[in-house]
Every structure is written in structure tokens, then in C-alpha cells.
Amino acid sequence: MKPKFRYYLSLISILLIALLSISNIQEVQVSLLVTQVQLPLILVILFSFILGALVTLLYSRPSKKVTKEKKKNNKEPQELEPKK
């Protein structure tokens, strides 16, 4: 993915999350394992967004490492082949 495209996609998603959060400021009841708490909906939305971004980041990191190793392993045999 091109860096500019990722930048614009990130910017648009952040703006959409901000607009969604600002328009939902009422209190909601959140059930946690044993207890229930009242929180503004904006906090619930932002926390969910941040948690989703962290999970995505954590799952994408190992795949980048594996991709680098595959590229490295594919380049080595090509360098060892004699040129004709």
C-alpha cells in the first residue's frame, strides 16, 4: 500500500471516529465481568477504536517479519547463481 494512500485512509478514519464520538456524548451502561459502570459513549467508542488499532498492529507485525525473511531467502539463491 502506498504511503500517501495509507496516510489519507488513516486521516479519514480518524475524522470519522471523531465525528461519531462527538455526536454520541450521552451516558451508557457498560457491563464489565463483575460490575457495571456508567460511561460517556464517546469513551466507549474511542476505547474500542484504540483497542482495535492495537490488535491490528500486533497481528500485522509478525507477518512483516516473515515477509522480510522470505524476501531475504529468495534473494540469496539468485545472488549465488553464476551469470551467463
Side-chain angles (χ1 to χ4, degrees):
M1 199 178 299
K2 294 183 179 182
K4 281 188 176 182
F5 179 72
R6 290 180 86 179
Y7 172 76
Y8 290 129
L9 188 63
S10 298
L11 186 63
I12 289 170
S13 65
I14 289 171
L15 287 173
L16 287 174
I17 294 296
L19 288 172
L20 181 70
S21 299
I22 291 170
S23 63
N24 291 294
I25 56 174
Q26 66 269 19
E27 294 268 328
V28 293
Q29 186 171 352
V30 179
S31 297
L32 303 172
L33 293 173
V34 184
T35 186
Q36 295 180 348
V37 293
Q38 290 283 103
L39 293 172
L41 188 55
I42 187 171
L43 291 179
V44 175
I45 292 170
L46 290 177
F47 178 74
S48 300
F49 175 74
I50 291 169
L51 188 61
L54 287 175
V55 168
T56 302
L57 179 69
L58 290 175
Y59 275 108
S60 68
R61 282 183 73 72
S63 66
K64 287 180 183 178
K65 184 178 179 181
V66 170
T67 304
K68 269 187 178 177
E69 289 176 3
K70 284 183 181 179
K71 284 182 181 179
K72 183 179 177 183
N73 290 337
N74 286 339
K75 286 183 181 179
E76 288 177 4
Q78 291 173 356
E79 292 173 3
L80 297 175
E81 291 179 9
K83 294 183 179 180
K84 293 183 180 178

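- One distance of note links OG of Ser10 with CZ of Phe5; it measures 9.5 Å at 0.5 Å rounding.
- When the side chains of ILVMFWY residues are joined at heavy-atom separations under 4.5 Å, either directly or via intervening members, Val30 and Ile45 end up in a single hydrophobic cluster.
- The same ILVMFWY cluster, assembled from side-chain heavy atoms under 4.5 Å apart, contains both Val44 and Leu32.
- Take Leu16 and apply the side-chain contact (heavy atoms from CB on, under 4.5 Å) test, not counting sequence neighbours, and it matches Ile12.
- Residues that satisfy the side chain to side chain donor-acceptor pair (under 3.5 Å) test with Gln26, not counting sequence neighbours, are absent from this structure.
- Atom CD in Gln29 sits 4.0 Å away from atom CD in Gln36 (nearest 0.5 Å).
- One hydrophobic cluster, built from ILVMFWY side chains closer than 4.5 Å, cannot hold both Leu41 and Phe47; they sit in different ones.
- In this structure, the separation between CG on Leu20 and CG on Leu46 is 9.0 Å, given to the nearest 0.5 Å.
- Taken to the nearest 0.5 Å, the CG atom of Leu9 stands 10.0 Å off from the CD1 atom of Ile14.
- Within a 6.0 Å radius of CD1 in Ile25, no more than 12 heavy atoms belonging to other residues, nucleotides or ligands are found.
- Each of Val55, Thr56, Leu57 was compared with Tyr59 under the side chain to side chain contact (heavy atoms under 4.5 Å, CB included) criterion, and only Val55 meets it.
- Scanning all heavy atoms of the two residues, the minimum distance from Ile22 to Ile42 falls at N-CD1, 4.3 Å.
- Here Val34 pairs with nothing under the side-chain contact (heavy atoms from CB on, under 4.5 Å) rule; sequence neighbours left out.
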